[in-house]
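A short write-up of the structure that comes next.
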There are 2 protein chains.
Amino acid sequence: MNVTTFSALAEPNRLDIIQLLCDGPMPVGEIADRLELNQPQTSKHLRVLSDAGLVEVQPVANKRIYKLRPQPFQEMDSWLDSYRRMWEERFDNLDAYLRKLQQQQNQDR
Amino acid sequence: MNVTTFSALAEPNRLDIIQLLCDGPMPVGEIADRLELNQPQTSKHLRVLSDAGLVEVQPVANKRIYKLRPQPFQEMDSWLDSYRRMWEERFDNLDAYLRKLQQQQNQDR
DNA sequence: GCTAATTATTCCTTGACAGACATATTCCAT
DNA sequence: ATGGAATATGTCTGTCAAGGAATAATTAGC
């Protein structure tokens, strides 16, 4: 799992942009209007999101339409696989760790 | 979906800590050793992760054992639901947007 | 109670990033 | 080609967070 994905989402306005694009592709101006951001900020945030691979752009007329890219979300999904058993299985491994600790202490004598 | 979760994971060492704790609970010293971090940094990162609700601590003897908390991961999982159809369905809604744009231009005349 | 081990906190410095504003760039329409 | 709309980039400033080192706090064992 790549840190840049989380880093890109770790900003309120950028997370809002992602949520907004979840409904479908949208040009810069409309994103700025809906989120009440000024245009340069919006472009800069989109730049970060684009560099992180979360969105891609497609020019149409004199507009640039941004849309989500599935890949990072898929990666996040498979990354979560490692953690699913944490809540599917009921127990945590705390007692297992305590036993391991106990063994180490016994070895020290 | 909360930004603080992403913010906490948007740092390489913290992400490493999370991955490490995926194998089971662990005290501060062991985390620091395995990741080759010094102890204060480790404690500080754990503090951030704890404030974000990603980990919780449980004192055992003179050690403090940290372990993952399922909730934020579950939230992330359900948050991803909104994006699953993006890659399960094949098409993006770009053409839909273009039709909408076309309509608006027609209205302007 | 005292010492050592374990962990948390504080202070300081430095680097990165967001916001505001101005400006540049690109592209369509006429 | 020219004006205008849409978008991108540059610059500056303030803020916040990470790293390093020193120190404080907690706890176990004697």
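By convention in this document, chain letters (A, B, ...) are assigned in the order of the sequence lines, proteins followed by strands, and residues within each chain are numbered from 1.
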Are B:Ile65 and B:Met26 close enough, and set up right, to give a side chain to side chain contact (heavy atoms under 4.5 Å, CB included), and what steps lead you there?
-> CA-CA 5 Å; B:Ile65 300 184; B:Met26 204 173 294; 5.7 Å; no
Passes side chain to side chain donor-acceptor pair (under 3.5 Å), A:Ser78 versus A:Gln74? Steps please.
-> CA-CA 6 Å; A:Ser78 52; A:Gln74 288 172 331; over 6 Å; no
For atom CE of B:Met26 and atom C1' of C:dT6, their distance in whole Å | 16 Å
State, yes or no, whether a side-chain contact exists between B:Leu20 and B:Arg34 at a heavy-atom distance under 4.5 Å.
-> yes
Between A:Phe6 and A:Trp79, does the ring centre distance come in under 6.0 Å?
-> yes
To the nearest angstrom, how far is B:Asp33 atom CG from C:dA5 atom P?
-> 14 Å
Is the phosphate of D:dA6, meaning OP1 or OP2, less than 4.0 Å from a side-chain N or O of A:Arg64?
-> no
Would you check if A:Leu54 and A:Phe73 make a side-chain contact, meaning some heavy-atom pair closer than 4.5 Å?
-> yes
Distance test, side-chain N/O of B:Tyr66 to OP1/OP2 of C:dA8, below 4.0 Å = yes
Heavy-atom contacts, protein to nucleotides 17-30 of chain C, under 4.0 Å, summarised as B (base), S (sugar-phosphate only) or - (none) per nt, yield -SBBBB----SS--
Side chain to side chain contact (heavy atoms under 4.5 Å, CB included) partner of B:Ile31, chosen from B:Leu46, B:Asn13, B:Asp16 = B:Leu46
note: B:Glu30, atom CD; C:dA5, atom P; distance rounded to Å ~ 18 Å
Which salt bridge (Lys or Arg N to Asp or Glu O under 4.0 Å) pairs, counting each pair once, include a residue from residues 35-49 of chain A, with sequence neighbours left out?
-> A:Arg47-A:Asp51
Under the side chain to side chain contact (heavy atoms under 4.5 Å, CB included) criterion, do B:Val55 and B:Ile18 qualify, and how do the steps go?
-> CA-CA 8 Å; B:Val55 303; B:Ile18 293 295; 4.0 Å; yes
Between A:Arg47 and D:dT9, does any side-chain N or O lie under 4.0 Å from OP1 or OP2?
-> yes
Bend angle of the helix from C:dG1-D:dC30 to C:dT30-D:dA1 from five-pair axes at both ends, rounded to 10°?
-> 30°
When rounded to whole Å, the CG to P distance for the pair A:Leu46 and D:dA8 reads 7 Å
